[in-house]
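Before any comments, here is the structure.
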Amino acid sequence: VVDQQYLFEARQMQALSLAVHIPLVCFGIAFPVLVLFAEWRYLRTGDPLYRTLARRWSKIMLALFAVGVVTGTILSFELGLLWPVWIQDFGNVFGLGFTLEGFSFFVEAIFIGIYVYGWDRLRPRTHFLSGLPIALAGITGSLFVISVNAWMNHPTGFRLSGGRAVDAHPWSALFANPFFWSEYVHMYFAAYIVCGFLMAGAYAWAILRGRRGRYERTALGISLSAAAVAAPLQVVVGDWAARDVAQAQPVKLAALEGLATTTRGAAEHLLGWYNGHAVVYGIDIPRLLSLLAFHNPNATVRGLSIVPLADQPPVNVVRFAFQAMVGIGTLLALLGLVYLFLRLRRGRLPTARWFCWAVVLAGPLSVVALISGWITTEVGRQPWIVYEVMRVDAAVTGARFIPFGYGALWLVYIGLGGAVFWLLRRFSRVPLEDDDAG
Amino acid sequence: MTMLADVPMVFILVGIAAYTVLSGADFGAGLWTLVPGGGSGLQASVAATRDHTRHAIGPVWEANHVWLIFVLTVAWTCYPGAFGSIVSTLAIPLLIAAIGIIFRGTAYALRSQFARDEEHGVRLVEYLFALSSVLTPFALATVIGAIATGRVPVGNARGDLVTSWLNPVSVLAGVLAVAFSGYLAAVYLAADAQRLTERALVHDFRIRALASGVVAGALALAGLLVIRVSARPLWDGLTSGLGLVLVIVSALAGVVTMVLVFAGRFGPARASAALAVAAVIAGWAAAQSPFVLPGLTVAEAAAGRSTLIATIIGVAVGAVVLVPSLAVLYSLVLRGRLDTVEIAGAGSGGVPRAVGRRSPRISLAAGFAVVTLVAGVALLVFAEPAWANGLGAVALIACAVTVFTLASRPAAELAGRLSRRPRGSGRGGEPSLRLRGDWCAENGVDSGFWVTFVHHSPPNPPGSPDPPS
């Protein structure tokens with residue numbers, strides 16, 4: 001058995017790498033669609049503003065993709081470096097998902113090169129078409145990766161023999177998994193929320209600083225529209241995902257809600273603290289949990305005590321992450337509805353100071369919600385790496401390099417974060433005229 | 001079964017070879033930015049050399065990099081036990097390679113943002129780039145050296161964490177990989193310079209290709225001696241049967257490349273240089289066959305039948321997408337269509353006509369959005385079966401797309417359609433998509449809004465200078 005200290009650091013290292021990579025994935029999914037939308041508007045209207053917009057965005061897209069490529073590579077290294085036993089025993093079931101993701105990644109990398117270097121060199125329509133595979137690969141790439149995560153949370157499609165998987169049926173394990181689709185759609189909407197609000201935040205900031213040109217306003221309109229549409233709908237998708245968790249992972253649901261014992265007509269607790277037996281100092285709403293999880297105010301919700309303490313996730317971490325996600329998500333949904341109301345019913349782009357400040361804040365908050373969501377599902381899965389089949393401490397590497405690696409990764413990622421911040425600031429200061437040529 | 005078990009290994013070897021000859025050259029380009037010349041018989045300026053390498057690898061490096069991901073994923077799917085043993089014992093060089101890869105991506109993202117004259121920033125990024133170009137090929141090749149010399153036993157981190165990859169053969173493999181990278185890069189960059197008719201650059205990279213070719217060849221010969229002394233089984237594999245054939249192929253291709261480079265025929269030299277390097281990979285595989293790790297054959301290491309078949313199908317389907325895509329990319333690159341020198345006739349020549357087309361019926365779209373919203377919520381929240389939930393998700397996505405296209409169009413179009421207080425430009429008739437006309441109307445700025453919510457002056461019209469912040 002491996003030193004638990006190493007296990008802790010291995011988990012932190014994995015969590016750090018995921019937290020760095022996942023926001024970039026959001027840009028991989030949503031950004032190409034917004035860039036192509038701007039270019040499509042240019043092709044339809046001939047308005048050079050949209051071309052300038054698409055061009056400038058495509059440069060940011062390429063830079064963020066480059067960073068995403070390397071942080072994603074780190075993740076694929078780490079899956080083997082940190083959890084070799086997991087791959088050894090179960091790679092035959094889930095590995096296919098990553099192989100297929102590799103092809104999506106290929107397509108994305110190939111066409112992003114053609115698209116970004118092809119401005120002025122390909123005919124406009126050809127150029128637009130060369131961007132479509134990027135958007136498609138953004139969809140399929142995240143689909144394949146999340147199929148693996150869904151399998152870890154709801155493992156099927158194999159038989160266990162001597163602790164390892166035999167008789168694997170990878171296709172059905174990954175894609176006929178009922179747990180998969182809600183998780184995927186939830187992430188897909190999250191990508192638009194994060195990408196949209198972060199971009200909108202940058203333009204709202206520009207407007208607050210007095211740069212209220214047509215360029216900033218158009219960019220704000222497109223990016224904010226994407227986020228504002230996705231945020232309210234995410235509430236519905238999230239409800240779907242939560243009910244899938246309630247069915248497949250009762251212990252995770254109990255941890256989300258801090259429910260110690262199996263209860264009929266369970267109450268929902270907002271805020272508060274789980275003291276090992278119950279949520280204290282929280283606001284109780286009677287029967288709401290049963291209603292939300294099973295659509296029946298009298299439904300029985302299973303509690304944490306259905307499994308031994310050693311098989312329970314750390315309740316407060318999971319619960320706080322979940323409440324942060326839901327709380328921020330609700331605020332973002334409201335902001336989205338306000339925007340859509342003003343935009344569609346009143347026919348204008350709101351740029352009042354309070355609204356711009358709200359949008360500026362919404363960007364980082366959406367990232368917090370995104371990471372909280374992943375903490376909810378991944379820490380809520382503990383102590384299992386393959387849910388109720390293999391424990392995380394059985395999967396970890398025996399190599400004693402982890403503290404060193406963890407430290408090195410922090411340093412590298414701090415440098416990377418600084419570089420990306422500098423880069424984006426720099427992009428924002430390139431005069432518009434520089435992109436009008438050609 | 002044996003045949004089936006071998007197929008993914010062929011994929012892996014093809015992937016390693018592709019990664020070496022494609023991404024290896026990208027790493028080598030970084031190496032040449034470290035020694036960009038500007039003296040000692042070289043003709044092109046430092047800045048021109050840097051720009052050339054950057055432009056040459058810009059459109060392709062990400063695609064080339066993905067071969068590594070391909071190799072990793074096929075390996076852990078089809079040979080999970082061997083993969084787990086390799087990565088746990090060789091954790092340190094893999095971590096070094098990973099950090100080198102981060103440096104490289106960061107450097108590439110940053111570099112495009114520095115102007116030529118910002119010496120300080122440019123130099124910092126160049127060093128980062130060059131450092132990654134040494135670290136990554138070196139570290140990855142030590143991994144191959146460790147596997148080839150049988151220093152990775154089966155099991156979780158069972159081998160020595162240090163001497164498994166810091167030993168004469170591994171270090172030599174690392175140095176050789178760096179030399180090969182520089183050599184490939186010099187040949188490719190000479191070919192690219194020839195296409196761009198940059199005489200000085202052609203001259204420089206020709207010299208570099210010849211010099212690094214001699215170095216790489218000498219290192220390869222020295223390597224054979226080291227292998228003979230310290231890794232006898234590998235030596236035996238390389239000097240008999242298929243291994244020997246491939247070593248000879250590699251040597252011949254290397255010599256042919258030198259002749260072609262000397263003669264200035266860089267196009268064919270590109271191919272023969274790649275062959276020389278790829279043959280080394282194939283020779284290593286042949287020498288080690290049928291063992292992956294000591295005592296573990298390919299057939300024993302392979303995952304179950306259904307996993308192998310699924311992967312083979314997955315790769316075959318992926319190849320149908322990948323091969324044409326790569327063909328498009330490389331043909332555009334090799335024909336110079338993605339070069340920074342502008343090609344006449346493309347680009348501005350084909351700007352579409354700015355005709356005010358009829359916009360789609362906005363109220364119809366709004367109705368569709370409401371219907372899909374109601375259907376989506378109903379199917380997701382109140383329906384039980386999985387297919388109904390899936391349909392609900394599709395309906396919600398349709399709703400999202402519709403509302404997005406409505407909300408993101410210029411406000412002027414919406415005015416008079418969904419708005420309670422219709423405004424001038426949009427009222428009556430189909431609104432035009434053209435973004436001309438009254439600035440306030442087209443941006444949907446409502447002066448009443450400003451008076452109500454913001455107690456300062458209305459926005460500047462376009463063209464006026466930005467107010468001081």
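Below, read A as the first sequence line, B as the second, and so on, with proteins coming before strands; counting in each chain starts at 1.
At a 4.5 Å heavy-atom cutoff, B:Val317 makes no contact with chain A through either its backbone or its side chain. With a 4.5 angstrom heavy-atom cutoff, B:Val321 touches chain A only via side-chain atoms. Residue B:Phe404 touches chain A through both its backbone and its side chain, counting heavy-atom pairs closer than 4.5 Å. Both the backbone and the side chain of B:Leu329 come within contact range of chain A, with heavy atoms under 4.5 Å apart. In this structure, the portion of B:Leu332 lying under 4.5 Å from any heavy atom of chain A is its side chain and not its backbone. Heavy-atom distances place both the backbone and the side chain of B:Ile101 under 4.5 Å from chain A. A:Tyr115 does not touch chain B: none of its heavy atoms, backbone or side chain, sits under 4.5 Å away.
Among the candidates A:Trp181, A:Phe111, A:Phe37, the residue making the largest number of heavy-atom pairs closer than 4.5 Å to chain B is A:Phe37. For the set A:Pro232, A:Pro170, A:Gly113, the count of heavy-atom pairs under 4.5 angstrom toward chain B peaks at A:Pro170. Most heavy-atom pairs under 4.5 Å with chain B, from the set A:Val236, A:Ile222, A:Ile110: that is A:Ile110. Annotation: maximal heavy-atom pairing with chain B below 4.5 Å, among A:Thr71, A:Ile74, A:Val185, occurs at A:Ile74. The candidate from A:Gly221, A:Gly102, A:Pro178, A:Ala419 with the greatest count of non-hydrogen atom pairs under 4.5 Å with chain B is A:Ala419.
Sorted by first and then second residue, the side chain to side chain donor-acceptor pair (under 3.5 Å) pairs involving residues 73-85 of chain B (not counting sequence neighbours) are A:Thr99-B:Thr77.
In this structure, the side chain of B:Thr405 engages the main chain of B:Val401 through a donor-acceptor pair within 3.5 Å.
Partners of A:Ala63 by side-chain contact (heavy atoms from CB on, under 4.5 Å), not counting sequence neighbours, listed by chain and number: A:Leu423, A:Phe427, B:Ala109.
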